[in-house]
Amino acid sequence: MNIFEDIRKIIIDVAISMGIEDKNILNKITSEPPKDETHGDIATNIALLSSKILNKNPKEIAADIIILIKKNEYIYEAKIAGPGFINLYLDKAILYECCRTVLCYKNKYGKSNYGNLEKVNIEYVSANPTGPMHIGHARGAVFGDSLANLLEYVGYHITREYYINDSGQQIVNLAKSVYLRYLEILNNKKEIFKDDLYPGEYLIPVAQNIINHYGDKFLNSDEIEWLDTFKKISISSMMDLIKDDLSSINIHHDVFTSEEFLKSNGFIEKVVKILNENNMIYEGVLAPPKGLKKEDWKSRPQLLFKSTAFGDDVDRPLKKSDNSWTYFAVDAAYHYEKFLRNYSSIINIWGADHGGYIKRIEGIIKSFPSSTINFDVKLCQLVNLNSDGKPVKMSKRAGNFVTMKSVVDAVGADVLRFIMLTRKNDAPLDFDILKVQEQSKDNPVYYVQYANIRINSLYKKAISLGIDLNKDIDNIDFELLDNTFELNLIKIISKWPRQVEAAAKANEPHRITFYLNDLASAFHYSWSLGNTNSELRYIVKDNIKLTTARLSLAKIVKIILFSGLSIIGVKPAEDLS
RNA sequence: GCACCUGUAGCUCAGCUGGAUUAGAGCGUUGCCCUCCGAAGGCAGAGGUCGUAGGUUCGAAUCCUACCAGGUGCACCA
């Protein structure tokens, strides 16, 4: 049940009965809560939209509509406002019906078939398998996973995917770094790690593991003899490490696609063939980049993709000077492989530093024959990690960057996940390890969780008073909930399905967090009224009917809190601890 | 130099994809509300020409253009 959609259908029926059949107009009809609550429950723009087609001024049309729409039992008042808006005032009955619906559907309230079970692929994290996850990875991870939950909630079929960059020079460097650790252990002396190697101590156990299996077999051998073995073991160890990290914040991918696999199974050749057939590839010479000094620039003909046809700055090379494929060529192959899997949407979650990469990949996808696929890239901005207001220093070079695991150990997975969604993805985020652990309203995690805790304490008290918490829905007198604070709370609850759908349409899971904050705020307010007036408490002595109704309202709040928190992947806190 | 992102209250940010009367929160600030049994909370006040200038329209923080400021990225690396 989505009140706004229900009313919208009623408005559309009225429009049709007045002879408005243009679908362009019908689709634009709004049914939304006005900013100011004194202007009613729902505002619609129908009269403004139809003034041209009916050749009348909007206010006249509005007057006609009002007569028709007031016949509906749920609308007790309708007023013209401003240039021709219609403000609708809903009968409280519809709000009480909403309460019953929530209790009846419980955690299914707000779920929908909006997505029609269409297949959506969300690729997120995809951290290079060269070390543990750091705090920056965590943002994309939480964002992607919560978006997946959100889209699932509104009826999409989601594939959670991870792209493993298990190829190229960085993997050679990884293997070399492990080899140095191998030498260190066997020779018992320190080695020097050059700039592009990985000096982190997390590679020591990997080397030890190799020693356990192979002993000193590779001690005095040439690189060609040990490289492949070291690569293979290092990659799988690093992926285990990363999967453990992900698991600690409850993230589990369905599909891991390997770059090496795409390379060795002919996908690059396939995508190049397709692009060639569609005339998107040519042999050409790129101009040197302007305004940037590139000393080693050499002008030469290259195999290029026409990404400028899609708004990119320059066409992008598919082959390097040594005639091997570029990273971009493999990525094109990857997106072709995803394309073959028949998704209706492909969503990529990337760090903001990859912004310049979007257009060329978008171009690739649009180049596929009869491609109707939706493609969206969500960029996650930096996370500034602080401790009590002071920045935590990170030095990747020294190998002591702040790992995600250390933050999870400090604050817990729930707090980490929540905080990561307290900003929209394209705004930078400040994360203060100490402040997020405070138990106060300054801490958004705690503020929302405390609402749930208070509801639990209500239950405990109710049970001790012998009140039946599982009364038949039909026997609950919601009509007794007639105070402003109660009605406001119900109105916020009635907006839940609408909020979820809007968040899903925009691929913006942070909206769920903001909604939860609003809901918690309305609940805390309603609770605080009981401080000064015991008649306004949730549990009112000697009034079992009112108490039951209010406890049911609290239960509804708890249900929505649960649903919202589960989308962002956070467990509700049950008590103070 | 080019592309993308951002610019809303002293600070940190929302703003439901074009809606209106008074642009909203939190922090900070100024006041107020418990003789612990519901204050880990609540209420109220002050604080804004929505970066600037044009444009589109019945209507713009939201769309378009140009500028300004900050961030990110700019053959063949991944």
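Chain letters run A, B, ... following the sequence lines, proteins first, then strands; residues in each count from 1. No hydrogens, no waters, no symmetry mates; every other heavy atom, side chains included, goes into these values.
Listed pair His510(A) / G15(B) meets the phosphate criterion, a side-chain N or O lying under 4.0 Å from OP1 or OP2. Not one side-chain nitrogen or oxygen of Tyr459(A) sits closer than 4.0 Å to the OP1 or OP2 atom of G38(B). Note on Lys424(A): a side-chain N or O is less than 4.0 Å away from OP1 or OP2 of A14(B). At A75(B), none of the side-chain N or O atoms of Lys320(A) fall inside 4.0 Å of OP1 or OP2 (strictly under the cut-off). Using a 4.0 Å cut-off, some side-chain N or O of Lys461(A) falls inside it from OP1 or OP2 of G38(B).
Note: CG (Asp313(A)) to P (G73(B)) measures 15 Å, nearest angstrom. Atom pair Ile512(A):CD1 and C16(B):P shows a separation of 14 Å (rounding to whole Å applied). Computed from coordinates, the Leu536(A) CG to G41(B) P distance equals 21 Å when rounded to whole Å. Following rounding to the nearest Å, Leu458(A) (CG) and C37(B) (C1') show an atom-to-atom distance of 15 Å. In this structure, the CD atom of Glu501(A) is 12 Å from the C1' atom of C16(B), given to the nearest Å. Rounded to whole Å, atom P of A20(B) lies 16 Å from atom NZ of Lys59(A). Regarding His354(A), its NE2 atom lies at a distance of 15 Å from the P atom of U72(B), rounded to whole Å. Rounded to whole Å, the distance from CG on Leu516(A) to P on A25(B) is 19 Å.
With a cut-off of 3.5 Å on both Watson-Crick or G-U wobble distances, the partner of C76(B) is given as none. Using the Watson-Crick or G-U wobble rule with both distances under 3.5 Å, G48(B) pairs with nothing in any strand shown. Of all nucleotides present, only G31(B) satisfies the Watson-Crick or G-U wobble test against C43(B), with each distance under 3.5 Å. In this structure G7(B) sits in a base pair with C68(B), meeting the Watson-Crick or G-U test at under 3.5 Å. Pair assignment for C37(B): none, as no Watson-Crick or G-U wobble contacts are both less than 3.5 Å. Base pairing analysis places U57(B) opposite nothing; no Watson-Crick or G-U wobble pair with both distances below 3.5 Å involves it.
Where stacking is scored as ring centres under 5.5 Å apart with planes under 30°, Tyr525(A) does not register as stacked on the base of G42(B).
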Listing time: all N or O pairs from protein to nucleotides 46-48 of chain B that are below 3.5 Å?
none

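A heavy-atom distance below 4.5 Å is found between the side chains of Tyr153(A) and Ser563(A).
Side-chain atoms of Arg498(A) and base atoms of C16(B) include a donor and an acceptor less than 3.5 Å apart. Looking at Asn87(A), its side chain comes within 3.5 Å of the base of A20(B) through a donor and an acceptor atom. In terms of polar N and O atoms assigned as donor or acceptor, the side chain of Trp527(A) never comes within less than 3.5 Å of the base of G41(B) in a complementary pairing.
Residue Glu508(A) is the one, among Glu508(A) and Asn128(A), whose nearest nucleotide of RNA chain B lies closer to the 5' end (criterion: closest heavy atom).
Dense packing is recorded around CD of Glu5(A), with more than 12 heavy atoms of other residues, nucleotides or ligands lying under 6.0 Å away. By the neighbour-count criterion of 12 heavy atoms within 6.0 Å, atom CG of Asp542(A) is sparsely surrounded, having that number or fewer from other residues, nucleotides or ligands.
A donor atom on one side chain and an acceptor atom on the other are not found under 3.5 Å apart for Asp331(A) and Tyr163(A). Checked by atom type, the side-chain pair Lys263(A)/Ser167(A) shows a donor-acceptor distance below 3.5 Å. Between the side chains of Asn128(A) and Thr130(A), no donor N or O sits under 3.5 Å from an acceptor N or O.
Electrostatic pairing of Arg511(A) and Glu508(A) counts as a salt bridge here, judged by a charged N lying under 4.0 Å from a carboxylate O. Under the 4.0 Å criterion applied to side-chain N and carboxylate O atoms, Lys558(A) and Glu574(A) are assigned as salt-bridge partners.
Leu48(A) comes within contact range of at least one nucleobase, with a heavy-atom separation under 4.0 Å.
The listed nucleotides are C16(B), C76(B), A78(B); the one nearest the side chain of Tyr357(A) is A78(B). The side chain of Lys359(A) lies closest to A3(B), out of C16(B), A3(B), C33(B). The side chain of Tyr447(A) sits closest to G41(B) out of G41(B), G19(B), C16(B). Comparing C33(B), C5(B), C77(B) against the side chain of Asp426(A) picks out C5(B) as the nearest.
Taking the ring centre of Phe4(A) as origin, the terminal cationic atom of Arg498(A) falls inside the region bounded by 6.0 Å and 45° from the ring axis.
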